[in-house]
Number of protein chains: 2
Amino acid sequence: MTETQAFLAYKAYRMRRWSIIMCAQAQSGHTTSCLSAADLVSVLFFYAMHYDPDNIHNPDNDRFILSKGHASALLYAAWAELGKITEAELLTYRQYGSVLEGHPMRRCPYVQAATGSLGIGLSIGLGHALNAHMDERTYYTYVLLGDGELAEGSIWEAAQLGSYYKLNNIIGIVDCNRLGQTGETMVGHHPDIYAQRFAAFGWHTFIIDGHNIQEIMTSLDTARTITDKPIMIIANTIKGYGVEFAADKNNYHGKPLEKEAALQQLAEKFPTQATDAGTNYPLEKPRYNCYTQSLGASGEEERIEGPERAEKVINSKSPTPIAYPPKLERRRIQGTAYALGEQISTRKAFGQALAALGAIYPSVISLDAEVSNSTYAEIFEQKYPNRFIECFIAEQNMVGMGIGLDQCNKKPFISTFGTFMTRAHDQIRMAAIGQSALKLVGSHAGVSIGEDGPSQMALEDIALMSALPNSIVLYPCDAISIHALVEQMIGYTQGISYLRTTRAATPVIYATDEHFPIGGCKILRQSDRDVACVIAAGITIFESLNAYETLKKEGIAVAIIDLYCVKPVDTQAILQVARASHNRIITVEDHYIQGGVGAAVCSALINTGVQITNLAITALPQSGKPIALLNAYGISAQHIINAVKHVLD
Amino acid sequence: MTETQAFLAYKAYRMRRWSIIMCAQAQSGHTTSCLSAADLVSVLFFYAMHYDPDNIHNPDNDRFILSKGHASALLYAAWAELGKITEAELLTYRQYGSVLEGHPMRRCPYVQAATGSLGIGLSIGLGHALNAHMDERTYYTYVLLGDGELAEGSIWEAAQLGSYYKLNNIIGIVDCNRLGQTGETMVGHHPDIYAQRFAAFGWHTFIIDGHNIQEIMTSLDTARTITDKPIMIIANTIKGYGVEFAADKNNYHGKPLEKEAALQQLAEKFPTQATDAGTNYPLEKPRYNCYTQSLGASGEEERIEGPERAEKVINSKSPTPIAYPPKLERRRIQGTAYALGEQISTRKAFGQALAALGAIYPSVISLDAEVSNSTYAEIFEQKYPNRFIECFIAEQNMVGMGIGLDQCNKKPFISTFGTFMTRAHDQIRMAAIGQSALKLVGSHAGVSIGEDGPSQMALEDIALMSALPNSIVLYPCDAISIHALVEQMIGYTQGISYLRTTRAATPVIYATDEHFPIGGCKILRQSDRDVACVIAAGITIFESLNAYETLKKEGIAVAIIDLYCVKPVDTQAILQVARASHNRIITVEDHYIQGGVGAAVCSALINTGVQITNLAITALPQSGKPIALLNAYGISAQHIINAVKHVLD
């Protein structure tokens, strides 16, 4: 065994030891899932990866995504071995307040992706890899996957796209330890099957013994010489490796091991490393390659490196903070003036707004799921083809890549039909938990899309997006407000922002200089004789305005509010108008009645005594002409008129 | 060309013609996607499939799932050619009220699966195929897929599971027409790449010319001789085939074609068929094989058939209606008595209830995503291993298979962590649209799961499930109510039912003979001195009961309601208790504040003047001990006490 190998084996021993101790201390956690992957993580962190532990924000650092997030203890142990987390801190694992959470969360600065829902890490990694290509950086992205999570379809979405875009800078490693939570995976200890699958999806594959330090080193060295495709290393491992009573045995998933017995068996398995452990093997020993050490100077072995790699280290850039002030004021957008009354759909205006903003914000990019001529992301694509990523019909991977790109300080606008966003809801949920500032744009809202029928209608999207922590939900009705709010989304960095757009062309109703703050609303009609206030958003604004005119002819005055921001709701403004309208509100929306505009208003106005009527979709809709459907499901002008008259009775 | 081939080519011509006419009439629709698949559908419907068009509910009929649902016109045209849909009906395509919707909906009796969100059909097909294995039926399930939708990960989830379970009775056909909505697919006209991928996933594959009738016939004949694995036929086709100006051209997706020009080019392309068309080629001509004709008797060619196949036709069973009365009354469940105060988690009680009900209802089956020792579906599995389907970590395919099984009159209970249900939300949405009576069971609700952290906490599930049309949402707090409600779920056939379970063991609070109707609630504490009413569900019931005791000692009486059914809400009962509690309600729940118990109560009690306080999760939670988290996020007994005192101020 060379000195390097001995060092890496020692680090693996140390991390295994910590994994056992941490989970035992927490009385929970996934010990055996850490034990299988420790050798892989040791070679990654202390041999293969090029990064500066002292400057974790260096944009040229290699990236590490722990897709099998339940092995969080191993990740924290690695950073402890790098001297960045103290032993005392390790013992706070899984305690309330500790940044060392049960699954990696970005409250911990050393966590590059919030994981814990399986099958997402490879997509996040692709986002980092795409970013490197876009920015011409030469870092590699390493993703450590479990074998169980290869059952998730999102993995194969990522596999397809990774090879399609020839992302030669992503290296996945599958910790193929055979056992899932309840028993053996579908494939078991047959890494060749996984290798065939990834090869069929266009990846270069290796099969290695995941406990043979030299094999791991060689595979990672060789991986970096592959230049035409992404790389997947299938590492055959033993779950619980090092602790005989748990090794390769079922029923040890997600459990702490009896500490003393486990540590004793570990020491028996690795006697040399265990002895060294007592002698305080220096943490400083520079075996890992990072920007603070020159490559290879301290290594006793020749490293296999591609020419780009050498160049990279020489030309290593220092961190360049992305110029991005979260501006909330409105920028002047060139060439996008709309005339009052001009007919244009909000989806088309979104595409124009994104293209216009693309000129101002170089970090804005667009991802679309093969419907860019429906969402109108194609307008951005035509102007900035290099900042548009066609994600094909694979929404999960699209959102996962968005998470990675957001972490690279890009501003990803992710568009598809609003209802197909549901396909990626777990990724969106994890993005929210990971505090990603994704900008999601869902088109084809509601029954007003017409003939294509319910499978294409977004009718639950406001409910889904509103339930996410720190999310904002925007539903503007015209081109001017779309432009203003797309820019607001760029400035919103505290969580997910969701923009809902409409298929049909509708008239422009705002002047160019109008402001649309997040959390605001617009009072479109108001008089001192209002008998009720109608709150609408999107397509129903126009039904409300029609109702207003008809009612006016009958001598009935109502206020109209455009609730372009559904979350957070402008409670104060709404209440003020309601108070001036005999405390009567009628909400009308093209969304299921649960969790939409009406529900938001109900929750906002509890305990105010305001009388509220909600008009929304309450039945499973059918195909038909848009106007027929607005009528059939009770959200057309006539229904608003009826509702107003009803509350007057 | 043999007579059969000529007949099949003629049927394909007819269906192409109808597809052009229907889309032109509707001024919308996906003409070119129908044109590419017409030959495949002709050979399927009029040669390969064994089914009785006059008895569509015959359980031995071969199944046909149109995964590429946008080709709906083609499906309707096929049934018109079978004499089941009139020409006048075809012309109602996509009109409001017509059962011939833009994407196939089950309002049309000839639609076997609601589709339109891509990548779901193969999973639905697997459900039918599994059902055949379970019930020892010999029908085949045919699934027609688009090539664009192969980008969806759910396809590969289905591919893995199909080969794992050796489902030799499913035959997929990919209409590989190269073009998606905006341009070429990732793979284009390289069927060999798809074939490699499916082969790597364990499928037997064929590559054929999808416009060569004889090749299609031969491949389908040969497919039925494969007995060890599922089969995927990759058919190279031309999008828009038959209409020169649109054939293989971009920008014709999802559009009607100019009718006269298209029909003229079609007639020029198929002069023989076009001539026949004018001569009213008899619809009755018995070329398709179904139970009303004896196999092969009228065919001039030798059919290649497996031995099972011949046996099947001979032994063809007539439809056996599944004995399933939607009983809403409570059955006596053997051996599941719980003592008051006994500590048991609702997730474990769910497993026990399902196992107990399995004895009474043979159609109950269990699907779980490799967490059956967490959801406790394993209790059912141990008792009924043949009715348990391990779906591994692939939630989308699990739910998709559930849709198929539901269509076969099985009662699928689908369980995983509640938050991982979000992974399949598009499938759940499509199940709701398809009026499937899926029974979804989400465990590990809320922050009370503790140390595993936010990625594993279901905190948005009530919002998501409530927004679905015709759904019910159940959130019982103890073993007795779990048992009662699991049985209620079996009886609920109008849509999705969702059951939310808790990780922690909690005491049994109900007597065995208690009733729990859907849409009801339980008043746990009430007096004539109540100053407020606390509404809770699940884990917060116990916090509420603790608060009750503390408040009681201080001389403050409150009512407590167990809102075990969150949708639909028992508005009347709640209002009655609120009226008797000084019109004050405090809701407390382990769910995000949007779309949960509190929001449901707010919406139910609008315009009643009741004062409502919502206690719920409003921040992104962290890891920690359960009680620490209930405290940290404001839903513990102390917070309830504080809220009661606050409203009294």
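Letters go in sequence order (proteins before strands), and every chain restarts at 1. No hydrogens, no waters, no symmetry mates; every other heavy atom, side chains included, goes into these values.
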ask   = Out of curiosity, A:Glu149 CD to A:Ser154 OG, how far, rounded to the nearest 0.5 Å?
value = 8.0 Å

Output yes when a side-chain donor or acceptor of [X] lies under 3.5 Å from a complementary backbone atom of [Y], and no otherwise.
X	Y	answer
B:Arg423	A:Gln427	no
A:Asn607	B:Ile612	yes
B:Ser466	B:Ala463	no

Chain B contact via [X] - which portion, at a heavy-atom distance below 4.5 Å:
X	answer
A:Ser28	side chain
A:Gln27	neither
A:Met457	backbone
A:Ile606	side chain
A:Leu150	backbone
A:Met430	side chain
A:Arg429	side chain
A:Ser374	both
A:Glu184	backbone

note = Residues at least two apart in sequence or cross-chain that pass ring pair (Phe, Tyr, Trp, His ring centres under 6.0 Å) with A:Tyr592, listed by chain then number, are none

For B:Asp368, all residues meeting salt bridge (charged side-chain N to carboxylate O under 4.0 Å, His left out), sequence neighbours excluded = none

query = Hey, are B:Arg94 and B:Glu101 close enough for a salt bridge, meaning a charged N less than 4.0 Å from a carboxylate O?
reply = no

Quick check on [X] against chain A: is it the side chain, the backbone, both or neither that has a heavy atom closer than 4.5 Å?
X	result
B:Val99	neither
B:Gln396	side chain
B:Ile120	both

Let's test your reading of the structure: which of [options] forms the most heavy-atom pairs below 4.5 Å with chain A?
options	result
B:His30, B:Gln95, B:Arg107	B:Arg107
B:Glu451, B:Arg197, B:Gln611, B:Gln456	B:Arg197
B:Ala159, B:Ala432, B:Ala619, B:Gly180	B:Gly180
B:Glu370, B:His425, B:Gln196, B:Glu157	B:Glu370
B:Gly624, B:Gly596, B:Cys391, B:Ala200	B:Ala200
B:Ser98, B:Ala151, B:Gly102	B:Ala151

Pick from [options] with the largest number of heavy-atom pairs that fall under 4.5 Å of chain B:
options	result
A:Glu395, A:Lys625, A:Gln181, A:Gln594	A:Gln181
A:Asn397, A:Val187, A:Thr618, A:Thr422	A:Thr422
A:Ala424, A:Ala394, A:Gly453	A:Ala394
A:Gln435, A:Lys567, A:Glu390, A:Gln160	A:Gln160

request  = May I ask you to test the A:Pro621-A:Leu459 pair for a side-chain heavy-atom distance under 4.5 Å?
outcome  = yes

message = Are the side chains of B:Ser623 and A:Tyr93 in contact, using a 4.5 Å heavy-atom criterion?
response = no

task = Take B:Glu460 and B:Thr419 through the side-chain hydrogen bond (donor to acceptor under 3.5 Å, both in side chains) test and state the conclusion after the steps.
result = CA-CA 7 Å; B:Glu460 62 295 301; B:Thr419 203; 3.1 Å; yes

query = Aromatic rings B:His103 and B:His70: how do their planes relate, parallel, tilted or perpendicular, breaks at 30° and 60°?
reply = tilted

request  = Kindly indicate, with the supporting measurements, whether the criterion side-chain hydrogen bond (donor to acceptor under 3.5 Å, both in side chains) is fulfilled by A:Asn614 and A:Thr587.
outcome  = CA-CA 5 Å; A:Asn614 294 146; A:Thr587 67; 2.7 Å; yes

inquiry  = Tell me if the aromatic rings of A:Phe201 and A:Tyr164 count as close, with their centers under 6.0 Å from one another.
reply    = no

